[in-house]
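Read the structure below first, then the notes.
A note on names: the letters A, B, ... follow the listed sequences, proteins ahead of strands, and every chain is numbered from 1.
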Amino acid sequence: MTEQNPSPTTPAPTRGTRAVPDKVSLDGIETRWDAAWTEQNLYGFDRTKSRDEIYSIDTPPPTVSGSLHVGHVFSYTHTDVVARFQRMRGREVFYPMGWDDNGLPTERRVQNYYGVRCDPSLPYVDGFEPPHEGTDGKVIKAADQVPISRRNFVELCERLTVEDERQFEALWRHLGLSVDWSTTYQTISAESRAVAQQAFLRNLARGEAYQAEAPGLWDVTFQTAVAQAELEARDYPGAFHRVAFHGAGGPVHIETTRPELLAACVALIAHPDDERYQHLFGTTVTTPLYGVEVPVLSHPAAEPDKGAGIAMCCTFGDLTDVQWWRELQLPTRSVIGRDGRVLRDTPDWIASDQGRARYEEIAGKTTFSAREAVVAGLRETGDLEGEPQATQRKANFYEKGDKPLEIVTSRQWYITNGGRDAQLRDALLARGAELDFHPEFMQVRYENWVGGLNGDWLISRQRFFGVPFPVWYRLDEAGEPDHDHPLLPSEDLLPVDPASDVPAGYTADQRDVPGGFTADPDIMDTWATSSLTPQIVGGWRTDPDLFARVFPMDLRPQGQDIIRTWLFSTVVRSHLEHGELPWSDAAISGWILDPDRKKMSKSKGNVVTPMALLEEHGSDAVRYWAASARLGTDAAFEIGQMKIGRRLAIKILNASKFALSFGTAELDPALVTNPLDRAMLAGLADVVEKATAALEGYDHTRALELSETFFWTFCDDYLELVKDRAYAGGDGEVSAGTQSARAALGIALDTLLRLFAPVLPFATEEVWSWWREGSVHRAPWPDAAPLRAAAADADPGVVGAAGAALAALRKVKSEAKVSMRTEIASVRLAVPDALRAGVEIALDDVRAAGRVTGSLDLADHDGEGAVAHDAELVVPA
RNA sequence: GGGCCUGUAGCUCAGCUGGUCAGAGCGCCGCGCUUACACCGCGGAGGUCGCCGGUUCGAAACCGGCCGGGCCCACCA
């Protein structure tokens, strides 16, 4: 593609392929230009460019199993504005688009859509066809789901998401995202899986990934471990139960909200300085119902003013229990299983027949039923004092779950993230400080999160659909796995599925037999893959040449809610693998609030579908609304703002049509000789300078506001002032004044189109096509210098002064309730000193625009603006 | 309990490092079919800048406190 370099210093050599239309319209503009841009491959990425010529964007991949909503349109527009600006600044923009089809939402959707369930132990079935296809909103019970292999499941996922991706792409195209659509990626693709596995193997080799068997937060619904970043504290109704333990010197009362854990009690714990319990430290008490003897211990984490001041420590009721268990070397007595129910087998630490009978009462029950049974038992034995006191407590939930998390002991994979290593934490905090957040205060959220980490990053999940750990274990003669010496594939074999692939040196028939091998059963959490988007899109594994050209990337755009997850985890992976930041800048978009000032969400059902919104108001209009909101600031969903955007787009079409109607627009700055014209260009030069600085600082709102304000004054005042002069005289003679006006109009229009192009790509491209070559989106960003040269040091205030004079003349007509076309026979115009010179300079244009046919005298004025006195109007009979 | 953001005309928001900052658009009222635009143009009315103190010659802007809105983290006995 050959590019023109149309700037005011290079006269426009050729006319566009299309003429200026008689009637302008925005109808169908999106479809038309999307097709043209695709045909021209306008946004195609040129990978021959070097790193310093490239601007690379680490686009957030939307979840394909959800639906896009206006919030997506909002934030993706912000990114596109940046992309378009950088492209016009001459950078080759690397702007891929991804689809997130790895994770629970997709897993659940595939299950329901096809009536299947992933079971990695099953072999791959060639040509598998699911039992049914399509969902009518019904949830298919697990028992009715056909179990299939992981590979078959992934294939169905890809089949299902193809349609979602097609629709998502159609929306993004309609919105005008300048993505190179040949560079899309999926987070469950073979390449993504390979990248995730390779990065993991590297982490493992360097000692940054490890596995450990430890108590951790567990979701009983999904039956998987969950990470700190996925927690959500929610209010949860509970009740304090005052329960008596039996000591030598009488009962010891504790208060608990979880009496069902009584069988898991390993100690009572109070603060070492607590006067009330000094005499009990070192003694033992027995638990009610079960008669288990437990010690009374002291630990500083016990808080005297909480509950009874002495706590029942169970394995495990909460994270404090875990701390006590670890620091006081307490035994492990778990009673809650991975399904959230009380373990069926009566534990051996309950020795008495009575105690064992009591346990039978709760065995196999849910925590809820078990609690009722335990409370009933305590009432019977008289060990419940008083009635339970209802309370609201906060409980940790998995963000996608609806039951409180339990703590269970399990073997899990972790990646170091500074949560247990001060040195690494400091290094990651330093990375956060090195990253340019927009807006800046978002960095605080990063710091708060990293500073508050209480453990390493748990990356394993006990699910079936996702990226499997590329790990096998040797089985000893007893069939027990050797976790300490995992069998690993070489990087060139990735991706592997250990459930169907066989480690080197083994044969398939050795799977799961003593002396053979077994696969690691877990998959990686979805963030373990999406933390590698720069590596996935940049070709880290397979295309080092490309990777060197785009990494470290320039921009990570994303929402504020996933700073602790996506942003942080990406920084962690990049820091560990590459020893540097994955990108230099992070642009954080805010929320969309509905009119109630609440975050708009899918569940509220009041969300307009994005495509309908774009079709009703036009993409430029919706983009204008999005671009009117600053980064990091929540914005109202406001139709009114879209209407203003639409009006602006139409105004651009109309004003352009008008400005181009005076004949060939010569862009020769030498022709601009009139002082008013020069003043206008001086003002435009200021706008260009400030708007450029604003966009460089990721402040698209300011840039838009500057351009927009200038443009409306340009239309309402400047255009009105010069239109008479811009018409050729009656004899067809083109005076210097006419030439000056036409050249100034052409230069201004050319500049304004480019200023608006990032926000209003369709309307600006439309106008550009009327008279310029190529695309405005590959035209260079405007430069203030040639405008300044053309303005020849003119005072931009002249436009304002002339505008004030014109307004005064309009006011006379407005108050007289006559048409603006009405002539003024004579008038005295009072202007303050500050404006006088400007008005005088543009006096001829003011007279023409105000239709002053007779005398126009200037007088002094103390106030602001200009005021017309003693006007004689020529009102037609 | 800790932290971040936020409170300016009816609405949505500008007001950057204290001195034409009391603004814009929408809405509202009135007028006008003017050879770019009626998906328009012109004119007008509207606010003691959440509240109370303080710093200053001067504060919407800086400091302290309070009140209101949003969000994050901690609190699970």
Fill in: Backbone N/O of Ala636(A) and side chain of Trp625(A): donor-acceptor pair under 3.5 Å
yes

Item to complete: Could you state the atom-to-atom distance from CG of Asp699(A) to P of U17(B) in whole Å?
Response: 13 Å

Practice prompt. Quick one: label Ser628(A) by what it contacts on the DNA or RNA (base, sugar-phosphate, nothing), any heavy atom closer than 4.0 Å.
Written response: nothing

Worksheet item: Looking at His271(A) versus His299(A), is the centre-to-centre ring distance below 6.0 Å?
Response: no

Item to complete: Consider only side-chain N and O atoms of Gln443(A) and Asn448(A), and report whether a donor and an acceptor are under 3.5 Å apart.
Response: no

Practice prompt. Report the distance from atom CD1 of Ile336(A) to atom P of C76(B), rounded to the nearest whole Å.
Written response: 19 Å

Worksheet item: Given the C1' atoms of U6(B) and G50(B), what is the spacing between them in whole Å?
Response: 11 Å

Worksheet item: Just checking Ser661(A): base, sugar-phosphate only, or nothing, at a heavy-atom cut-off of under 4.0 Å?
Response: nothing

Item to complete: Could you tell me whether the phosphate oxygens of A77(B), OP1 or OP2, come under 4.0 Å of any side-chain nitrogen or oxygen in Thr256(A)?
Response: no

Discussion item. Can you see whether Trp449(A) has Arg425(A) sitting over its ring - NZ or CZ less than 6.0 Å from the centre and within 45° of the normal?
Written reply: no

Worksheet entry | d(CZ, Phe397(A); P, C76(B)) in whole Å | 15 Å

Fill in: Pairwise C1' distance for G47(B) and G54(B), with rounding to whole Å
25 Å

Practice prompt. For Ile563(A) and C5(B), give me the distance from atom CD1 to atom P, rounded to whole Å.
Written response: 13 Å

Item to complete: Indicate, with a heavy-atom threshold strictly under 4.0 Å, whether Phe240(A) touches base, sugar-phosphate, or nothing.
Response: sugar-phosphate

Discussion item. Just to be sure I understand the rule, does Ala301(A) reach a base, reach only the sugar-phosphate, or reach nothing, if contact means heavy atoms closer than 4.0 Å?
Written reply: base

Worksheet entry | Carboxylate-amine/guanidinium proximity below 4.0 Å for Glu406(A) and Arg258(A) | yes

Worksheet item: Under 4.0 Å between a Lys/Arg side-chain N and an Asp/Glu carboxylate O for Arg242(A) and Glu255(A)?
Response: yes

Discussion item. If I pick the P atom on C63(B) and the same atom on G18(B), what distance separates them, to the nearest angstrom?
Written reply: 10 Å

Worksheet item: Between Gln443(A) (CD) and C5(B) (P), how many Å, whole number?
Response: 12 Å

Worksheet entry | Proximal nucleotide (of C5(B), A36(B), C26(B)) relative to the Phe441(A) side chain | C5(B)

Worksheet entry | Atom NZ of Lys657(A) with >12 non-hydrogen neighbours under 6.0 angstrom | yes

Item to complete: Can you check each nucleotide of nucleotides 38-44 of chain B against protein heavy atoms at under 4.0 Å and return B for base, S for sugar-phosphate only, - for none, in 5' to 3' order?
Response: SBSSBSS

Worksheet item: Which range-with-range stems can be found for RNA chain B when each stem has 3 or more Watson-Crick or G-U pairs in a row and both distances sit under 3.5 Å?
Response: B:1-7 with B:67-73, B:10-13 with B:23-26, B:28-32 with B:40-44, B:50-54 with B:62-66

Worksheet item: Do Val767(A) and Ile652(A) have side chains that get closer than 4.5 Å, going by heavy atoms?
Response: yes

Discussion item. Does C76(B) have OP1 or OP2 under 4.0 Å away from a side-chain N or O of Thr320(A)?
Written reply: yes

Practice prompt. Taking only the side-chain heavy atoms of Asn654(A) (C-beta and beyond), determine which of G25(B), A77(B), A36(B) contains the nearest atom.
Written response: A36(B)

Discussion item. Work out how far the P atom of G58(B) is from that of A45(B), and round it to whole angstrom.
Written reply: 32 Å

Worksheet entry | Span that lies between the P atom of G19(B) and that of A60(B), in whole angstrom | 11 Å

Item to complete: Could you tell me whether Cys313(A) contacts a base, only the sugar-phosphate backbone, or nothing, with contacts defined as non-hydrogen atoms closer than 4.0 Å?
Response: nothing

Practice prompt. Please check if any side-chain donor atom of Glu385(A) sits under 3.5 Å from a side-chain acceptor atom of His253(A), or the reverse.
Written response: yes

Practice prompt. Mind calculating the distance between CZ (Phe711(A)) and C1' (C37(B)) to the nearest angstrom?
Written response: 10 Å

Fill in: Donor-acceptor side-chain pairing of Thr256(A) and His241(A) below 3.5 angstrom
no

Worksheet item: A77(B) C1' sits how many Å from Ile407(A) CD1, rounded?
Response: 13 Å

Worksheet item: When we call it a touch if two heavy atoms are under 4.0 Å apart, what does Gln641(A) touch: a base, just sugar-phosphate, or nothing?
Response: nothing

Worksheet entry | Earlier contact from the 5' end, RNA chain B, for Cys715(A) and Ile310(A) | Cys715(A)

Worksheet item: If each of Arg630(A) and Phe658(A) is mapped to the nucleotide of RNA chain B with the nearest heavy atom, which maps nearer the 5' terminus, i.e. the 5' end?
Response: Arg630(A)

Discussion item. Can you tell me whether the base of G46(B) sits syn or anti, using the 90° cut around 0 to define syn?
Written reply: syn

Worksheet item: Hey, is the side chain of Tyr727(A) poking within less than 4.0 Å of OP1 or OP2 on A36(B), counting only N and O atoms?
Response: yes

Worksheet item: Hey, is Arg810(A) close enough to Asp717(A) for a salt bridge, meaning N to O under 4.0 Å?
Response: yes

Worksheet entry | Nearest-angstrom distance from the residue atom CE of Met642(A) to P of G27(B) | 16 Å

